[in-house]
Visitor: 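The structure under discussion is supplied below as structure tokens; questions concerning it will follow.
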Amino acid sequence: MNGDRCPDCDRSEFPDARIIVLTTYAGDALCKRAMKAGAQAYILKGNVRKDLLDTIRAVRAGKKILHAEVAAELATHCCR
């Protein structure tokens with residue numbers, strides 16, 4: 001699925017599904033939309049080898065995960 005459509009997902013068929021957004025976009029707008037829509041994680045493709053397995057495990061354990069670069073973008077734009 002194209003990442004910009006994720007926030008529009010209909011989760012009625014699988015309400016317990018856990019969503020991990022895997023993207024090249026580090027900006028905060030799409031991240032906020034995805035997390036509000038129910039995504040549990042937002043990670044960047046550039047770090048997929050390093051982060052994906054740990055992210056899957058963390059999401060399965062009920063945690064929410066943001067890539068550090070994305071978290072920095074969010075902090076920069078929401079705390080002005």
Side-chain angles (χ1 to χ4, degrees):
M1 172 181 298
N2 192 344
D4 63 348
R5 298 208 45 226
C6 177
D8 302 324
C9 291
D10 177 13
R11 295 182 56 196
S12 61
E13 188 174 349
F14 301 102
D16 296 329
R18 297 174 183 117
I19 298 171
I20 296 173
V21 176
L22 180 60
T23 184
T24 58
Y25 181 67
D28 62 335
L30 182 57
C31 176
K32 283 195 271 189
R33 285 183 56 214
M35 298 304 274
K36 276 186 174 182
Q40 283 76 29
Y42 193 95
I43 62 173
L44 300 180
K45 288 181 181 178
N47 293 5
V48 72
R49 284 187 180 210
K50 179 180 166 226
D51 295 339
L52 186 58
L53 190 54
D54 289 339
T55 299
I56 291 170
R57 287 179 178 142
V59 167
R60 191 160 190 263
K63 297 178 182 176
K64 292 196 177 256
I65 302 294
L66 290 178
H67 186 274
E69 187 176 334
V70 177
E73 283 287 320
L74 285 169
T76 298
H77 291 114
C78 77
C79 301
R80 287 185 188 173

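Side chains are part of it too, since the values below use all heavy atoms of this structure and drop only hydrogens, waters and symmetry mates.
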Visitor: Specify the closest pair of heavy atoms between Ala26 and Glu73, including all atoms of both residues, with the distance to one decimal.
Guide: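 Between these two residues, the closest heavy atoms are O-CG, 3.4 Å.
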
Visitor: Rounded to the nearest 0.5 Å, what separates atom OG1 in Thr55 from atom CD1 in Ile43?
Guide: 4.0 Å

Visitor: Just how far is it from atom CD1 of Ile65 to atom CG of Asp54, taken to the nearest 0.5 Å?
Guide: 8.5 Å

Visitor: Compare every heavy atom of Ala39 with every heavy atom of Lys64, then report the nearest pair and how far apart it is.
Guide: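 Result for this residue pair: NZ-O, 3.4 Å.
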
Visitor: Let me confirm one number: the CG-CG distance from Leu22 to Leu52, rounded to the nearest 0.5 Å.
Guide: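 Answer for the CG-CG pair, Leu22 versus Leu52, is 6.5 Å.
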
Visitor: Say you draw a straight line from OG1 of Thr24 to CG of Leu44; how long is it, rounded to the nearest 0.5 Å?
Guide: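 Going from the OG1 atom of Thr24 to the CG atom of Leu44 covers 8.0 Å.
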
Visitor: Taking atom CZ of Arg60 and atom CD of Gln40, what is their separation to the nearest 0.5 Å?
Guide: 13.5 Å

Visitor: Taking all atoms of both residues into account, what is the closest heavy-atom pair of Cys31 and Tyr42, and its distance?
Guide: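 Closest heavy-atom pair between Cys31 and Tyr42: CA-CE1, 3.5 Å.
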
Visitor: Is the NZ atom of Lys63 crowded by more than 12 outside heavy atoms at less than 6.0 Å?
Guide: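 No, because the 6.0 Å sphere around NZ of Lys63 holds 12 heavy atoms or fewer from other groups.
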
